[in-house]
There are 2 protein chains.
Amino acid sequence: MTNFNLVILGMEYTYTIIDQNATSSLQLQHYLEDYGDFQCVAQATDHEDGLNTILKHHPDIVFLNLDHGASLYFQMVKELHLYMTEFPILIGISSGKDHAYDAIKNDFFDYWLLPFNEFDMRKTLLRLKKQLPKEHAGTTLCLKSYKDFHYLDTDEILYLKADNNSTDFFMKDGSTISAFKTLKTFESQLPKNFIRVHQSYILNMNYVSRINYGKSLCTLKTGKMQLPFSKTYRENIDSLKKVLSKNSITTLN
Amino acid sequence: MTNFNLVILGMEYTYTIIDQNATSSLQLQHYLEDYGDFQCVAQATDHEDGLNTILKHHPDIVFLNLDHGASLYFQMVKELHLYMTEFPILIGISSGKDHAYDAIKNDFFDYWLLPFNEFDMRKTLLRLKKQLPKEHAGTTLCLKSYKDFHYLDTDEILYLKADNNSTDFFMKDGSTISAFKTLKTFESQLPKNFIRVHQSYILNMNYVSRINYGKSLCTLKTGKMQLPFSKTYRENIDSLKKVLSKNSITTLN
DNA sequence: GAAAAACCATAGAATTTCTATGGTTTATAT
DNA sequence: ATATAAACCATAGAAATTCTATGGTTTTTC
C-alpha cells in the first residue's frame with residue numbers, strides 16, 4: 001500500500017497535473033506549494049502525454065482538467081488500469097458539474113469546480129490525508145529480552161544515556177529503563193526526532209527547551225534537567241536548533 | 001480495517017438500504033441476494049431512521065436513494081462522521097445525474113442510475129471487492145525451526161500424513177517435508193479447503209478427484225494416489241462431497 | 001594529549017525451542 | 001465388540017538461540 005515515493009521523500013505526496021490550460025495548472029501548483037506536503041513530479045497537457053507521464057512517474061495523485069475532451073480522459077483512466085496495480089488518487093477539475101457522474105464512475109476521489117476554491121481544496125486534501133494516513137513513524141519502540149516484550153511510546157522518552165554496553169532510557173514519568181544494547185544501535189532505530197548530541201546522550205527534540213552554545217548544554221522542558229552536547233555532534237545540534245526555531249519567534253540582539 | 005461483521009460471517013458484506021420507495025428497495029435486495037456475498041442487515045425509509053440504523057448495525061455498505069430529499073441524506077452522511085471511525089461504503093441511487101457532484105463531495109463510492117442496470121451494478125460490486133480484498137485466507141503456511149523459516153504455498157500441498165509426533169507434507173511436485181508437530185495442530189492452522197478424513201490424514205480438497213464410499217477411499221488427481229477415510233470423519237467427507245458436487249454435473253443411476 | 005567512556009568481539013550463562021520417550025487415549029478394521 | 005495400531009500428551013534432556021560480562025581497542029571529551 002505504501003508508495004515508494006512517499007517512503008523516500010518522507011511524508012510528501014507526489015502529484016501530476018494534466019491540463020490544457022496553463023493558467024489553471026499554474027494556479028493549482030502554487031496553491032499546493034503553499035499548502036506543503038505536496039510535490040509536483042510532472043505535468044502534461046493532453047491525455048496521451050498524461051498517460052505516459054503517469055506511467056513514468058507513478059504519482060500519488062493525478063489532477064485532471066476535464067473541461068476539454070473529458071471522454072478521452074476517462075478513456076485514459078480506464079487504460080491506466082491495464083498497467084498499474086497501485087492506482088493513483090484521481091481528482092477531477094471542471095467549470096461545471098456535468099462530468100461528476102462519469103468521475104464517480106471512474107473511481108475519482110474528488111471533483112473540483114473552477115474557479116479554484118481554497119476552502120474546497122483544503123477539505124479534499126484533509127480528507128485525503130485522513131484516508132491515506134502516512135506511516136506516522138513507528139512511534140513505539142520494543143525492547144525485548146527472551147520472551148519479554150517491552151513497548152515504549154517514544155513520545156514518553158526524554159533522553160537516552162549510554163552506560164558502557166547498555167543504555168538507560170529516561171522517561172517522562174521519571175522512571176528509567178535499561179536495555180542491554182549500545183547507544184549506537186538506538187541511534188538508527190529511533191524516529192528522526194531523536195538526535196545524538198554527545199558520546200553518551202541521545203535526546204528527544206520534543207523536550208528540548210534551550211540550547212546553550214556557550215556552556216554546551218541542552219535544557220529539557222521537564223525538570224529543567226541539563227544535558228551536555230559536544231563538538232562531534234555539532235551538526236545535529238544545528239538541525240535541532242533549526243527545527244526548534246521553525247516554531248518560534250526568535251528574540252535577537 | 002477489517003470489519004467485525006466481515007470476520008464473523010466469513011466473506012460476506014453486510015448492507016443497509018435507505019429508500020422511501022419500497023419497490024426499488026426490494027429490487028435491489030433481490031439482485032444482491034442473487035449475486036451472493038451480500039447480507040442485508042437492516043432497512044430504513046428516511047434519513048433519521050437511516051442514521052439510527054447505520055449506527056446500530058455498522059453495515060459495510062449503505063445504499064441511499066437520493067431521489068427524495070437528497071440534501072437531508074447528505075446532511076445525514078456528514079453527521080455520521082461524528083460517530084463513526086470505520087465508515088461504511090456509500091452508494092447513491094437516483095433517477096438522474098443531478099446529485100453526482102454532491103455524492104462525490106461526500107465521499108460516495110459509486111452512483112447508480114435508475115432503473116437498475118445489472119451490468120453497472122456488477123461493475124460496482126467487482127470494483128468494491130477489488131478495493132476491499134477480503135482476507136484471502138493465509139494461503140501460505142510457515143514451518144519454522146529455530147531460525148529456519150520454511151514457507152509452503154498451501155495450494156502446493158496434496159495431503160498431510162501423521163507419523164507419530166511429526167507430520168509429513170506430501171507436495172504436488174513429489175517432495176515430502178517433515179514437521180515436528182502433531183497432525184491435530186495443522187487441522188486448525190490450515191485454510192478450510194483442508195479437511196481431516198482419517199486418524200492419519202488431512203487432505204487438500206482441491207486435489208480430490210474421487211470419493212469411494214464402498215472402499216472408504218479418496219483418489220487424488222495427481223498420480224491417482226488413494227488415501228483412506230474413516231467413520232469418525234464421515235461429516236467432513238460429506239462436506240467435501242458437497243463442495244465437489246457444486247462444480248460438477250453428477251451422473252446418477 | 002591524558003583520561004574517560006563508548007564500542008566491538010567473544011565466551012559462558014540464561015532461556016527458549018526442539019525432539020525423543022513412554023504412558024494414555026482414541027481410532028481403526030476385522 | 002474387541003484386539004490392534006496409531007495419534008496424542010506431558011515431560012525431560014538436547015540443541016539452538018539470546019543475553020550479559022569481560023577485556024582489549026577505538027573514539028570522544030575537556
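Labels below follow one simple rule: chain letters A, B, ... track the order of the sequence lines, proteins then strands, and each chain is numbered from 1.
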For DNA chain D, whose closest nucleotide is more 5', that of D148(B) or that of N165(B)? N165(B)

Along DNA chain D (nearest heavy atom to each residue), the more 5'-positioned of K231(B) and K144(A): K231(B)

Check the pair N212(A), K215(A) against side chain to side chain contact (heavy atoms under 4.5 Å, CB included), reporting the backbone distance first and the verdict last. CA-CA 6 Å; N212(A) 187 324; K215(A) 297 181 181 171; 4.0 Å; yes

The nucleotide from dA20(C), dT28(D), dT20(D) with an atom nearest the side chain of Q199(A) is dT28(D)

Which one, dC9(D), dA7(D), dA29(C), comes nearest to the side chain of H198(B)? dA29(C)

For [X] and [N], give me the distance from atom [atom1] to atom [atom2], rounded to whole Å.
| X | N | atom1 | atom2 | result |
| --- | --- | --- | --- | --- |
| K161(B) | dC8(D) | NZ | P | 12 Å |
| L160(B) | dA7(D) | CG | C1' | 14 Å |
| N164(A) | dA3(C) | CG | P | 20 Å |
| F180(A) | dA14(C) | CZ | P | 14 Å |
| H150(B) | dC18(C) | NE2 | C1' | 18 Å |
| Y201(B) | dA29(C) | OH | C1' | 15 Å |
| D163(B) | dA5(D) | CG | C1' | 13 Å |
| E187(B) | dT26(C) | CD | P | 15 Å |

For a quick check of understanding: with a heavy-atom distance under 4.0 Å over all strands, which category does S200(A) fall into, base, sugar-phosphate or nothing? sugar-phosphate

What nucleic acid atoms does K181(A) come within less than 4.0 Å of, heavy atoms only: base, sugar-phosphate, or nothing? nothing

Honestly, is R122(B) close enough over Y31(B), meaning NZ or CZ under 6.0 Å from the six-membered ring centre and within 45° of the axis? no

How are the rings of Y15(A) and F38(A) set to each other: parallel, tilted or perpendicular (split at 30° and 60°)? perpendicular

Is L32(A) close to L28(A) at the side-chain level, that is, under 4.5 Å between some pair of heavy atoms? yes

Sub-6.0 Å ring centroid separation between F186(B) and F169(B): yes

I want to check one thing: is the phosphate of dT17(C), taken as OP1 and OP2, less than 4.0 Å away from some side-chain N or O of K147(B)? no

If you assign T182(A) and Y146(A) each to the DNA chain C nucleotide with the nearest heavy atom, which residue ends up on the more 5' nucleotide? T182(A)

